[in-house]
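Data first, discussion second: the structure below is written as structure tokens.
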Amino acid sequence: MAYWLMKSEPQGFGIDHLQQRGIALWDGVRNYQARNFLRQMQAGDQALFYHSNCKVPGIVGLMTIVKGGYPDPTQFNPEHRYYDPKSTLDQPRWTGVDVEFVEKWSEILPLSALRDIPELEDLPLLQKGSRLSLMPVTMAQWHAILAHKPNA
DNA sequence: GCCAACGTTGGC
DNA sequence: GCCAACGTTGGC
């Protein structure tokens, strides 16, 4: 069982969308480093849902991986914005996973607060210039974050 | 909306 | 294989 942090823009697909849907395909990842992490994900892994590129970026809730890495279907659809003409059914380039909603936090745990947690010093999210959209989280980092989960 | 940092593309 | 140009990410 592994821990992850996954970013999404709330205006596109946010925690509220996932809560409504229950289970959703995490698609559209078109970065090789992130893709390689998706391939490592397994059913039962836990993940933090992070809102990026918005007014207050930060962690907003939890989810579980319910289906490990499999070919992201959007890469094969010419009509889709995530279509990749270089991808074939035989040799798919891109991977997706299915995630299931676990909980939405009562408040966001903002990026600015994450920067104040010493255990997170090495988290890629907090490195200057990092654009990695999903990343592994160590058990120590996971527990440090959950210890700061807002509860109002 | 700005813009620095980043990843990818493609000519050479 | 180099690297300039380009498009994208994402905090602010």
Side-chain angles (χ1 to χ4, degrees), chain A residues 2-21 24-41 45-65 68-99 101-138 140-142 144-150 152:
Chain A
Y3 301 103
W4 308 93
L5 181 145
M6 301 168 77
K7 295 188 198 174
S8 185
E9 302 188 10
Q11 58 269 49
F13 183 81
I15 188 81
D16 292 335
H17 297 99
L18 181 59
Q19 182 165 26
Q20 207 168 10
R21 304 247 302 264
L25 165 66
W26 199 274
D27 61 10
V29 172
R30 296 293 181 266
N31 167 281
Y32 290 103
Q33 198 181 354
R35 193 261 333 249
N36 293 342
F37 288 135
L38 282 173
R39 288 184 172 172
Q40 293 175 27
M41 290 187 184
D45 287 359
Q46 294 186 264
L48 301 152
F49 198 127
Y50 180 92
H51 280 179
S52 67
N53 199 17
C54 53
K55 205 171 222 171
V56 181
I59 295 167
V60 291
L62 301 178
M63 53 195 168
T64 301
I65 310 303
Y70 65 99
D72 176 351
T74 64
Q75 68 193 307
F76 306 123
N77 180 359
E79 308 296 315
H80 202 282
R81 61 181 290 238
Y82 296 141
Y83 176 60
D84 184 346
K86 297 194 190 128
S87 204
T88 64
L89 284 166
D90 289 355
Q91 303 244 313
R93 289 185 149 195
W94 305 113
T95 299
V97 296
D98 286 350
V99 297
F101 177 83
V102 172
E103 66 183 26
K104 178 185 175 180
W105 291 356
S106 61
E107 296 171 38
I108 192 168
L109 178 57
L111 176 62
S112 57
L114 296 175
R115 294 195 187 283
D116 292 335
I117 303 176
E119 290 91 337
L120 303 185
E121 192 185 2
D122 296 329
L123 189 65
L125 178 78
L126 304 183
Q127 308 312 307
K128 180 177 158 70
S130 170
R131 289 170 26 179
L132 192 57
S133 68
L134 60 97
M135 65 197 73
V137 173
T138 67
Q141 290 167 342
W142 179 271
I145 291 166
L146 288 200
H148 288 79
K149 168 180 153 181

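Below, read A as the first sequence line, B as the second, and so on, with proteins coming before strands; counting in each chain starts at 1.
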Please identify each residue that fulfils side chain to side chain donor-acceptor pair (under 3.5 Å) with Asn53(A), with sequence neighbours left out.
Glu9(A)
Nucleic acid footprint by protein, nucleotides 1-11 of chain C - heavy-atom cut-off 4.0 Å, B for base, S for sugar-phosphate alone:
------BBBBB
Where along residues 70-89 of chain A does a heavy atom come under 4.0 Å from DNA chain B, residue by residue in number order?
Lys86(A)
Can you sort out the partners of Pro71(A) under side chain to side chain contact (heavy atoms under 4.5 Å, CB included), two or more places apart, ordered by chain and number?
Gln75(A), Phe76(A), Pro92(A)
Under the side chain to side chain contact (heavy atoms under 4.5 Å, CB included) rule, collect the residues that match up with His17(A), sequence neighbours excluded.
Phe13(A)
Arg30(A): what forms a salt bridge (Lys or Arg N to Asp or Glu O under 4.0 Å) with it, not counting sequence neighbours?
Asp72(A)
Please name all residues satisfying side chain to side chain donor-acceptor pair (under 3.5 Å) with Trp4(A), sequence neighbours left out, ordered by chain then number.
Asp45(A)
Terminal helix-axis angle for the helix from dG1(B)-dC12(C) to dC12(B)-dG1(C), with five pairs defining each axis and rounding to 10 degrees
10°
Who are the side chain to side chain donor-acceptor pair (under 3.5 Å) partners of Ser130(A), not counting sequence neighbours?
none
Side chain to side chain donor-acceptor pair (under 3.5 Å) filter on Asp98(A), not counting sequence neighbours, yields Tyr70(A)
5′-ward residue of the pair Arg93(A)/Gly129(A) relative to DNA chain B:
Gly129(A)
Looking at Arg35(A) and Arg93(A), what are the two nearest heavy atoms and their distance?
NH1-O, 2.7 Å
Taking only residues two or more places apart in sequence, or in another chain, which ones meet Asp16(A) in a side chain to side chain contact (heavy atoms under 4.5 Å, CB included)?
Gln19(A), Lys104(A)
Which residues share a side chain to side chain contact (heavy atoms under 4.5 Å, CB included) with Arg115(A), sequence neighbours left out
Leu111(A), Leu126(A)
